[in-house]
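Notes for the one structure printed next.
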There are 2 protein chains.
Amino acid sequence: MAKVNIKYLASKLNMAPSTVSRALNDSYEISHATKAKVMALAKELNYQPNPYARSLRAHSSKTIGIIIPERINNFFSQVIDGLESVTQEFGYHLLIYNSNEDVEQEKKIISYLLGGRVDAIVMSVSSQTSSSEHLVQVYNQGIPIIFFDRIALDIPTTKFITNDFESGYLGTKHLIDQGCKKISFLSLSKEITIGKERLNGYLEAIKTSELPFDESWILECTQDEKKNAEVIEQMLFPISRPDGIISSVEKLAITTYQVLKKTRLKVPQDVRVVSFSNMGIADLLDPPLSTISQPAGEIGIACGKLLMKKLTKKKQENIQDEIIMIPSSMKVRKSSQP
Amino acid sequence: MAKVNIKYLASKLNMAPSTVSRALNDSYEISHATKAKVMALAKELNYQPNPYARSLRAHSSKTIGIIIPERINNFFSQVIDGLESVTQEFGYHLLIYNSNEDVEQEKKIISYLLGGRVDAIVMSVSSQTSSSEHLVQVYNQGIPIIFFDRIALDIPTTKFITNDFESGYLGTKHLIDQGCKKISFLSLSKEITIGKERLNGYLEAIKTSELPFDESWILECTQDEKKNAEVIEQMLFPISRPDGIISSVEKLAITTYQVLKKTRLKVPQDVRVVSFSNMGIADLLDPPLSTISQPAGEIGIACGKLLMKKLTKKKQENIQDEIIMIPSSMKVRKSSQP
DNA sequence: GAATATTTCGGAAACGTTTCCATAATTAAA
DNA sequence: TTTAATTATGGAAACGTTTCCGAAATATTC
């Protein structure tokens with residue numbers, strides 16, 4: 001089975017490859033008659049253009065690289081679904097990588113992408129990512145890169161976030177309103193921006209309320225789920241334990257629920273819980289979990305629209321250095337109400 | 001900023017492009033001295049090879065296409081994580097598409113992939129996919145394609161599944177053992193293989209038990225979540241309602257839980273529930289959900305290993321036409337026990 | 001020391017497109 | 001009719017690699 005390419009079509013039709021190419025691309029300088037002939041044969045032989053020859057020639061791959069720190073997470077899946085809903089209409093393809101919260105892995109992925117494999121990058125940095133040298137490299141190469149959720153502040157590009165500070169504040173405020181006196185904040189890492197912002201909102205709420213505050217209420221967790229469970233358990237053991245918990249990521253709320261199940265403590269009677277989370281079944285948990293959920297789909301769509309504008313329009317207006325905020329929404333459920 | 005490519009390096013070094021290329025690829029026919037010089041300059045100028053030129057030349061893209069019917073689903077995320085853990089060591093990239101359970105979308109994706117954009121395809125077909133003409137096309141083009149979970153039986157290639165029949169049987173048997181007399185089976189579609197197999201297991205268990213059986217116990221649902229909820233609610237309303245439910249997919253179990261929450265029926269007292277599901281927090285539901293969970297990570301790893309063997313070894317042994325079974329495991333929780 | 005093998009490199013073709021440039025044929029303008 | 005503009009096509013270069021084919025220069029063998 002000879003591979004059917006433009007040259008082959010041309011020879012079969014007794015035309016030049018350039019004519020065939022133009023006909024296939026519906027160029028104005030080709031007569032209707034030849035166009036028809038070419039199209040017919042292309043269809044008959046099921047001609048498929050070679051994307052790599054095209055990319056090589058056009059210096060564009062019609063591919064977008066996505067880097068997320070975790071794949072088994074509704075939030076990121078929703079963002080990608082949103083993004084794909086926009087990009088697929090433009091014929092763009094999605095190359096998706098999981099950095100696994102590992103900055104070394106992240107660097108490796110970035111290095112793959114520097115060769116021009118993708119026309120743009122959409123990413124959420126790993127929790128380990130403190131320096132952004134590798135990201136600067138991308139920017140300097142002129143590859144459009146935008147961030148969402150976990151952003152790299154020092155790269156001058158568009159970043160999509162939610163109202164992390166405000167949400168952290170509101171979540172904490174809600175717990176205070178429910179009568180909590182000692183509220184613990186579960187954080188994944190101090191490196192990442194959203195952690196900081198949410199923490200600041202928490203701190204602000206505590207300060208405003210004039211409740212006593214102890215540094216140890218801030219629990220910095222790691223990637224090691226077992227260790228996290230131990231740390232959380234230790235926190236819940238003493239009599240001076242917190243009566244409220246706000247978790248800055250879904251994963252830690254789940255661990256908290258699991259730990260609490262092993263103890264005699266009841267939610268919400270003994271401990272009230274609120275978490276940032278995009279799980280679809282918060283309602284079905286025991287007890288239903290109060291959540292602050294991010295507009296994941298919207299964020300994905302916004303990323304997609306921005307990129308498509310940049311990549312498909314001739315007008316090369318650069319991507320603005322700005323932070324776009326799409327607000328989260330809190331849904332109070334039983335886990336935080338007496 | 002001139003783009004740094006092999007030609008540019010060659011001119012800077014006063015060498016031929018062929019020499020530079022060979023040096024970069026550590027060819028045996030280049031002296032250590034020149035290799036060192038080339039490497040040094042390449043590093044200094046941060047040379048990155050153009051993947052498309054390479055792909056065009058080599059007729060291989062180092063890219064694998066993945067098509068899943070649903071992105072917001074732990075099972076598929078876990079499979080992809082497993083797959084990536086294998087393929088990334090070989091420097092392969094993952095192009096991931098969501099068919100959204102839509103066979104037309106699936107066809108569109110397939111047509112994108114026919115041009116040689118990927119070296120192989122891993123997929124789980126949509127629930128609408130009854131004919132597999134479009135998949136045959138892939139096979140005929142010589143692009144390796146393998147299936148997992150939802151397979152296309154008539155394509156002679158390797159398919160990875162779990163013991164669907166047995167699991168359907170065991171799940172149903174378990175409900176019978178718990179005293180259920182009228183067990184409903186929730187199915188997403190009769191088209192897909194896993195649905196059929198799981199259903200057959202269910203039927204076998206019912207038959208063996210000599211319980212009465214009514215066709216209407218088999219509830220065929222759709223992609224419309226609202227409609228599914230309505231249908232399930234209707235089923236639960238009459239006095240002749242089922243006292244046991246086995247759901248062939250996670251999504252329908254969730255809908256069932258949601259519907260049940262609105263009624264006065266209690267799980268497991270009034271209705272016992274078992275579901276195929278890979279959710280990580282079945283333990284935390286109210287009540288904890290008895291699950292049959294597939295070895296998603298293992299399936300992904302198995303797919304990855306098979307493909308890497310096929311794609312990286314010289315020995316062109318073709319992919320076998322066989323079905324490989326990796327067993328699921330049932331975890332009984334409160335939702336199915338009195 | 002002549003013949004042969006080995007090492008090391010250069011030139012050019014090839015992968016499949018698209019597009020620049022040229023040109024013959026046709027049509028419009030003068 | 002002659003000249004200019006338009007239409008429709010062909011030829012060839014270019015994108016950045018890799019590799020086939022040669023061919024010097026050096027090393028080895030008899």
Side-chain angles (χ1 to χ4, degrees), chain A residues 1-39 41-42 45-63 91 112 114-119 141 314, chain B residues 1-39 41-42 45-63 91 112 114-119 141 314:
Chain A
M1 189 180 66
K3 48 220 139 153
V4 27
N5 53 30
I6 286 193
K7 257 187 222 167
Y8 182 77
L9 290 180
S11 75
K12 278 275 173 193
L13 288 163
N14 262 347
M15 301 193 223
S18 48
T19 307
V20 175
S21 169
R22 277 183 277 238
L24 289 169
N25 290 315
D26 200 25
S27 161
Y28 69 97
E29 35 183 7
I30 299 294
S31 71
H32 289 286
T34 32
K35 269 185 199 173
K37 270 192 259 175
V38 172
M39 294 294 195
L41 187 67
L45 299 183
N46 194 25
Y47 164 75
Q48 295 287 347
N50 181 312
Y52 297 112
R54 209 172 241 182
S55 293
L56 177 59
R57 186 51 227 226
H59 295 286
S60 100
S61 60
K62 287 232 165 197
T63 304
Y112 288 152
L114 281 178
R117 189 176 288 271
V118 296
D119 295 345
Q141 286 235 345
K314 297 274 175 184
Chain B
M1 189 179 65
K3 47 223 139 142
V4 28
N5 54 30
I6 286 193
K7 256 187 224 167
Y8 182 75
L9 291 181
S11 76
K12 279 274 173 194
L13 289 163
N14 261 345
M15 300 192 221
S18 50
T19 306
V20 176
S21 170
R22 277 184 277 239
L24 289 170
N25 289 317
D26 201 25
S27 162
Y28 69 98
E29 34 182 6
I30 299 296
S31 70
H32 289 286
T34 30
K35 269 184 198 172
K37 270 192 259 175
V38 173
M39 295 293 194
L41 187 67
L45 299 182
N46 193 24
Y47 164 75
Q48 295 288 345
N50 181 312
Y52 296 112
R54 211 174 239 180
S55 292
L56 177 59
R57 184 54 225 221
H59 295 287
S60 101
S61 60
K62 287 233 165 196
T63 304
Y112 288 153
L114 281 178
R117 190 177 288 271
V118 296
D119 295 345
Q141 286 235 345
K314 298 275 174 183

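Naming: A, B, ... by sequence-line order, numbering from 1 per chain.
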Pairwise 5' ranking along DNA chain C for B:S31 and B:A58, keeping only the more 5' one: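 The 5'-side residue here is B:S31.
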Counting only side-chain heavy atoms from C-beta out, which of [options] sits nearest to [X]?
X	options	result
B:T19	D:dT9, D:dT19, C:dC9	C:dC9
B:E29	C:dG10, D:dT18, C:dT8	C:dT8
A:R57	C:dT18, D:dT19, D:dT9	C:dT18

Please give me the minimum heavy-atom distance between A:G116 and B:P51, naming the atom from each residue. C-CG, 4.3 Å
Expressed in angstrom and rounded to an integer, what is the separation of [X] atom [atom1] from [N] atom [atom2]?
X	N	atom1	atom2	answer
B:R54	C:dG16	CZ	P	18 Å
B:Y52	C:dT17	OH	C1'	15 Å
A:L9	D:dG10	CG	C1'	17 Å
B:N50	C:dC15	CG	P	18 Å
A:H32	D:dT7	NE2	P	11 Å
A:D26	C:dT18	CG	P	13 Å
B:R22	C:dC9	CZ	C1'	7 Å
A:N14	D:dG11	CG	P	11 Å

If we only count heavy atoms from C-beta on, is the [X] to [Y] side-chain gap below 4.5 Å?
X	Y	answer
A:K35	A:D26	yes
A:V20	A:Y47	no
A:N46	B:Q141	yes

OP1, OP2 of [N] versus side-chain N and O of [X]: anything below 4.0 Å?
X	N	answer
A:N5	C:dC15	no
B:S21	D:dT17	no
B:S18	C:dC9	no

A:V20 vs B:Y47, nearer the 5' end of DNA chain D by closest nucleotide: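 Whichever sits nearer the 5' end wins; that is A:V20.
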Of A:A53 and A:T34, whose closest DNA chain D nucleotide lies nearer the 5' terminus?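 Nearer the 5' end of the strand: A:T34.
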Would you find a donor on one side and an acceptor on the other, under 3.5 Å apart, between the side chain of B:N25 and the backbone of B:S27?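 The answer is no, because no donor-acceptor pair under 3.5 Å joins these two groups.
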